[in-house]
2 protein chains.
Amino acid sequence: MTTRTAAQRREQARAEHLRRMALCPTLRMLDRMGDKWVGLVLRELASGPLRSGELSRALAGASQKMLTQTLRGLERDGLLSRSVTGSVPVRVEYRLTPLGRSLLPVIEAVTDWAERHVVELDRARKRYDRTIEARDAGDRGVVQ
Amino acid sequence: MTTRTAAQRREQARAEHLRRMALCPTLRMLDRMGDKWVGLVLRELASGPLRSGELSRALAGASQKMLTQTLRGLERDGLLSRSVTGSVPVRVEYRLTPLGRSLLPVIEAVTDWAERHVVELDRARKRYDRTIEARDAGDRGVVQ
DNA sequence: CAGCATCCAGTTGGATACTG
DNA sequence: CAGTATCCAACTGGATGCTG
């Protein structure tokens, strides 16, 4: 007689798996880079340091809160540095650290792939959606 | 006299920006790859086709719903294909398409970077957290 | 075996208002 | 100018139960 039910074993495997995942460097980075504004912030800072205001103008779509949150996250990971100079008015500048700059080629790899294949992606998507639609219509005996 | 207020102009810039973003191939891909299970699914399928059950055992941490959702998303983008053979019991197999395989080097670029720099990331994070803690303690005149 | 539907908690992200 | 605090809507992801 086993001391644990199948459900318990599954549960444990699941917990274990999740713990592993949280530690996996690759998944951590994919997660970070998937954050809505990270890609854009890195792209902006790639060409040089920027002040807070310049960033928020460049990323007109981001709310002030999200911008700060994103910047803090990247700073925490050591990808960019934040330096304050003067006071009244305060002047804050963000710049990529060497670590942050070392990430740029990776982003570029994504960009290259994406731009080369965006047409295929769109085509696949349309094809898939048409197929689904057709199937659903067929299910109901509809001709449309 | 302008016909729009500053708020309206900001609002418009924001809308424009968001529309652009949704179309940017790079951001689309970063978003996709940031999906919780996409990285793992691609990693599993990199070494060859797998059946549904095999995948869910390999990704013990994922709920059945998320697994399906992830697979459908990737299929929609044309990154993997789903083939059904037999019936009672049904046998479903997932495999990367050529397009999907072409993405592997990109994932690998992320993996390489992440594994090379994970130590630095952790160090930066600890340093940052310590700094914040110290500052907060100082603010309250606490010695801890 | 593979997958869909439903319901629900937790998280993410945005609007607004305020501070040094 | 730069940033914090709060409140809230929308989305993400998970648990459960059911179908061909």
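Chain letters run A, B, ... following the sequence lines, proteins first, then strands; residues in each count from 1. Side chains included, hydrogens not; waters and symmetry mates left out as well; all remaining heavy atoms used.
An OP1 or OP2 oxygen of D/dG3 is reached within less than 4.0 angstrom by a side-chain nitrogen or oxygen of A/R72. Close to D/dG20, at under 4.0 Å from its OP1 or OP2, lies no side-chain N or O of B/S87. Between A/W37 and C/dG14, a side-chain N or O to OP1/OP2 separation shorter than 4.0 Å is present. Side-chain N/O atoms of B/K36 include one lying less than 4.0 angstrom from OP1 or OP2 on D/dG14.
Rounded to a whole Å, the CG atom of A/L71 is 10 Å from the P atom of D/dT4. Computed from coordinates, the A/Q69 CD to C/dA15 C1' distance equals 14 Å when rounded to whole Å. Between the C1' atom of D/dA2 and the CD atom of A/Q64 lies a distance of 7 Å, rounded to the nearest Å. If you take CD of A/E93 and C1' of D/dC1, they are 14 Å apart, rounded to a whole angstrom. Atom NZ of B/K65 is separated from atom P of D/dC18 by 18 Å (rounded to the nearest Å). Atom C1' of nucleotide D/dG3 and atom CZ of A/R82 are separated by 8 Å, given to the nearest angstrom. Put simply, CG on A/D35 is 15 Å from P on C/dT11, counting in whole angstrom units. The distance from atom CE of B/M66 to atom C1' of C/dC4 is 14 Å, rounded to the nearest whole Å.
Taking the nucleotide of DNA chain D with the nearest heavy atom to each of B/A62 and A/R51, the more 5' of the two is matched to A/R51.
With a 4.5 Å cut-off on side-chain heavy atoms, B/R95 and B/L45 do not count as touching. Considering only heavy atoms from C-beta on, B/S81 stays 4.5 Å or farther from B/Y94 through its side chain.
Checking each of A/L79, A/L103, A/L74, A/L42 against A/L96 for a side-chain contact (heavy atoms from CB on, under 4.5 Å) leaves exactly one that passes, namely A/L42.
Among C/dA15, C/dC1, D/dG3, the nucleotide with an atom closest to any side-chain atom of A/V92 is D/dG3. Here the nucleotide nearest the side chain of B/S52, chosen from C/dA15, C/dG3, D/dG3, is C/dG3.
A salt bridge is absent between A/D77 and A/R72: the closest approach of a Lys/Arg side-chain nitrogen to an acidic carboxylate oxygen does not fall below 4.0 angstrom.
B/H117 and A/S102 get closest at one heavy-atom pair: NE2-OG, 3.8 Å.
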